[in-house]
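A quick note: this is a predicted structure, and the numbers were derived from the prediction, not measured.
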Amino acid sequence: MILFVEYLHEMRGVMKEYLFKDIEKKWQEKWVSEKTFKAIDFHPTKPKYYVLYEFFNISGNLHMGHLKGTVPSDALARYKRFCGYNVLFPIGGDAFGLPAENAAIKSKIKPSKFVADGMQKVLSQSKMLGLSFDWDRTICTSDPEYYKWTQWIFLQLLKNGKAYKKTGHVNFCTGCQTILSNEDCRNGKCDRCGGIVIQKERAVWFLKMKEYSEKLLNNVDNIEMAEHLKDAQRNWIGKSEGMQITFNLQDENEKNVGKVDIFTTCIETIYGVTYVVLAPEHPLISQLREQIKNIKEVDKYIEQTAKRSEFDRLSDQKNKTGCVVEGVFAINPFTQKKVPVYIADFVLNNYGTGAVMAVPAHDQRDYEFAKKFNIPLVQVIQGICENCAVEKTQYLENNSTMLNSEEFTGLDVKTAKNLIIQKAEKIGCGTKKINYKMQDWPFNRQRYWGEPFPVVFCDKCGVVALEEKDLPLVLPEVDDYLPNAEGDSPLSKVKDWVNCKCPKCGADAYRETDTMPNWAGSSWYWLRYADPHNPNKLADYEKLKYWGSVDCYTGGTEHITRHVLYAFFWQNFLYEIGAVPNRNPFIRKMGSGLILDDQGKKMSKSSTNGVSPLEVIDKYGADATRLHLHFLGAYEDNVPWTYQGITGITSFLEKVWSLQDMVTNDNSISKNHIYVLNRLIKKISEDIEALRLNTAIAAFMSFIKQIKADGYITMKELQYFLILLNPLAPHITSEMYEIIFNKQITDESWPKYDEKYLLEDTINIPIQINGKLYKVITINRGASQDEVVEEIKNNNIDIKMEEVKKIIYVKDKIINIIK
RNA sequence: GCGGAUGUGGCGAAAUUGGCAAACGCACUAGACUUAGGAUCUAGCGGGCAACCUUGGGGGUUCAAGUCCCUUCAUCCGCACCA
């Protein structure tokens with residue numbers, strides 16, 4: 001065989017050394033300057049494909065976690081381009097809000113400067129990874145051109161009654177000096193700074209997210225995503241079906257003094273109610289001050305509760321506290337019997353109605369509380385439990401018999417439940433009701449670095465929205481932007497900015513001095529990429545229609561119950577006001593695993609255990625870094641970072657490079673390689689589509705092994721191989737393609753495999769005897785049982801056919817001989 | 001407490017519908033080439049001298065189980081007094 005390499009050597013001199021630094025730099029510069037990966041709006045022939053990676057949080061350097069998500073999406077984007085798609089693969093920076101501001105404060109640099117520098121830094125670092133972003137679409141949430149539209153969306157929310165300001169009890173982070181949403185709190189601590197979260201009364205902007213619960217659940221159903229992530233979202237939204245029941249309230253003299261609504265999912269236990277509990281913040285308390293005989297004691301308890309941090313309340317679940325409300329009784333609408341009323345902080349004011357009917361015989365929490373306060377219990381459903389309640393799971397599972405429940409006594413609980421519901425509806429004391437755990441979204445922060453609210457407060461006109469033409473309302477540059485101890489926004493000190501004229505009546509007015517949370521800008525950014533520089537609209541409707549929903553969205557699983565739910569909410573809203581053409585923002589969401597350090601701890605920007613990707617790139621090159629990290633484990637799994645094994649990757653790349661020395665001038669696929677090559681095409685296509693880079697890399701290695709053993713690769717085979725490998729290792733393959741084929745690899749298309757070359761004509765088939773492996777023989781594919789048995793005999797395998805009871809033969813798979 | 005996952009060599013990990021467990025790589029061992037080897041190449045590499053045994057443990061279904069069912073243990077993650 002004539003080695004093509006001899007010809008090549010004549011043409012271009014001997015094969016050069018693999019100098020990854022020069023090669024990678026060359027291609028990275030070329031891709032940027034030639035705009036190789038520009039997405040074309042309304043491409044005349046190619047179908048669109050939208051790959052999105054969560055944009056960078058501008059609070060530090062690129063870290064390993066970013067590579068975990070960006071590299072597979074980059075591979076997918078490159079693969080889809082080869083497949084003939086017009087790919088949109090954009091990037092940007094999430095630069096407003098607490099993370100960026102806290103990082104800026106820490107490094108003692110003004111947030112605006114910190115963010116501008118940070119943006120440049122992460123963009124240039126992602127260029128060093130060879131990521132194929134469309135750089136012309138880069139956005140940054142703290143850029144006025146961008147946040148103009150964040151403010152615009154807020155205005156639409158306000159105009160459509162989805163935003164309201166209300167004084168309420170909210171999570172307040174003692175570290176960040178600002179209110180937080182429920183989504184920002186973990187175990188009573190701030191998710192950003194780890195500070196203790198307490199409850200504070202404050203005037204807060206809320207977005208009516210709760211109203212969207214059912215639509216969000218619908219989004220969850222319609223997204224392609226790992227089931228456990230969907231569960232996490234459904235769990236967060238927390239739909240539960242039950243009844244809302246009204247209890248009348250009486251004073252000591254049995255005079256009606258009001259009523260209280262309670263929510264229950266266990267109406268079947270209505271005859272077992274022995275007390276009612278209100279949340280300490282429940283408005284009835286202040287309404288009934290005159291009737292409450294121990295109001296001092298009650299006030300004291302309420303005060304105590306307010307002082308307790310959420311963390312204390314949660315860590316003290318076993319030890320229930322409460323206070324009886326003397327002088328007020330609740331009347332069970334089914335029995336007309338009166339039961340005492342308590343307040344206790346285990347009842348949450350923001351769930352259901354903030355009041356519960358307590359059934360100590362059938363609810364463990366009620367049981368513990370009743371025991372502590374010596375409240376009697378009445379068992380109404382059969383079941384055995386010593387020193388505990390007979391709970392729902394038990395009695396429903398056994399469909400137990402009703403007790404002490406008037407006309408329902410003796411029925412099974414499932415039948416009784418339905419009849420009790422009917423009775424409640426008939427006597428008019430209750431209706432079926434669905435409750436959601438998810439709350440409205442507290443949407444302001446008392447911090448400097450965020451989108452200013454486009455509203456003013458006017459003594460005459462109240463809350464007045466700015467006119468759209470006056471957007472963006474630019475955040476003023478100030479010197480003193482640190483949060484203060486009172487938790488007021490730093491903007492309140494900027495008098496000439498705060499004081500303004502009412503856009504409606506022209507009178508003196510003042511601006512909202514809180515800013516929007518960091519989640520605001522990220523709740524719609526994927527839409528902006530469709531039309532990132534449009535000064536007149538958040539994005540042109542036709543362009544939004546063209547680019548459609550994100551086909552594959554990659555990013556961290558920690559955002560599943562926050563960012564992704566906010567994204568659903570805003571997209572639903574924007575769809576309803578006709579601003580966007582789809583209700584579902586994302587078709588498929590892939591949650592990436594974490595990178596762990598050698599202690600098994602998460603490696604992230606905030607921890608000190610991080611290994612910088614730049615350090616690895618510098619030492620081994622971008623292609624090697626990309627391959628190594630993804631060879632360590634599957635995309636959705638957590639993987640421990642290690643340098644161990646990176647030599648396997650570098651020697652693989654050396655072998656790839658040395659294919660130049662083995663290429664023949666044959667422009668067809670050789671017989672020896674036809675099956676392995678076709679299988680490789682299939683494997684790589686499927687693996688990239690599923691973001692399984694680890695097994696794809698293994699397949700490339702196996703292929704190379706075979707090529708090395710055979711000592712040659714044809715031109716055609718090498719061409720295919722380089723295209724297949726390009727999405728994972730773009731630099732080396734681009735360079736080799738140019739050297740050998742004198743063409744640009746990005747102009748090529750993805751090789752197709754032929755079904756008929758996936759299976760070889762002869763196969764190895766294991767022979768089992770009584771289910772145990774005995775020997776492996778080689779037969780023709782599709783051989784019949786008789787032919788296989790014949791072959792076994794020919795192979796001198798010691799089986800006496802008269803002893804054989806049964807033969808189980810799975811064609812082309814296995815033969816099991818039962819003796 | 002509720003929900004979810006994971007458990008496979010010395011290590012990272014593979015394994016369509018149940019069908020040859022350990023692909024691919026690291027580490028390790030031996031050999032070759034070398035002045036040299038942290039380079040390269042070749043071979044070996046779950047355990048056991050063997051028959052055989054082996055996917056956290058125990059049980060089951062099946063001709064056949066890492067995969068399905070029951071049970072149990074361990075680790076990790078999410079939610080957490082949600083009425």
Rounded distance in Å - CD (A:Q706) to C1' (B:C24): 15 Å
salt_bridge(A:E54, A:K589) N-O dist < 4.0 Å: yes
Base-contact (B) and sugar-phosphate-only (S) positions in nucleotides 59-71 of chain B, heavy-atom cut-off under 4.0 Å, - elsewhere: ----B--------
5′-ward residue of the pair A:K682/A:T264 relative to RNA chain B: A:K682
Gap in Å between the two C1' atoms, one belonging to B:A13 and one to B:A27, rounded: 14 Å
Between A:Y620 and A:H628, ring centroids under 6.0 Å: no
A:K432 atom NZ, neighbour heavy-atom count above 12 within 6.0 Å: no
Under 4.0 angstrom between A:Y351 side-chain N/O and B:A83 OP1 or OP2: yes
Nearest-Å distance for atom pair NZ/C1', residues A:K230 and B:G3: 17 Å
Whole-Å C1' distance, B:A83 and B:U75: 33 Å
Separation of B:A23 P from A:L693 CG (nearest whole Å): 21 Å
Sugar-phosphate, base or nothing in reach of A:D231, heavy atoms under 4.0 Å: sugar-phosphate
Residues, nucleotides or ligands: over 12 heavy atoms within 6.0 Å of A:K259 NZ: no
P-based separation of B:G60 from B:A14 [nearest Å]: 31 Å
Short side-chain N/O contact to B:C77 OP1/OP2 from A:T557, under 4.0 Å: no
Carboxylate-amine/guanidinium contact A:K230 A:E224, below 4.0 Å: no
Sugar-phosphate only, base, or nothing, as touched by A:A634 at under 4.0 Å among non-hydrogen atoms: sugar-phosphate
A:T265 or A:P766, whichever maps to the more 5' nucleotide of RNA chain B: A:P766
For atom CG of A:N638 and atom C1' of B:G12, their distance in whole Å: 14 Å
Quiz item: A:K437 side-chain donor-acceptor pair to B:C79 base, under 3.5 Å: no
Sugar-phosphate only, base, or nothing, as touched by A:N694 at under 4.0 Å among non-hydrogen atoms: sugar-phosphate
P gap between B:U42 and B:G56, integer Å: 35 Å
B:U67 versus B:U61 - spacing of their P atoms, nearest Å: 15 Å
A:F373 atom CZ, over 12 foreign heavy atoms within 6.0 Å: yes
Six-ring centre of A:F369, A:K320 cation under 6.0 angstrom, axis tolerance 45°: no
C1' gap between B:G12 and B:G7, integer Å: 15 Å
A:Y809 to A:A783 - nearest heavy-atom pair and separation: OH-O, 2.8 Å
Side-chain N or O of A:K705 closer than 4.0 Å to phosphate OP1/OP2 of B:G25: yes
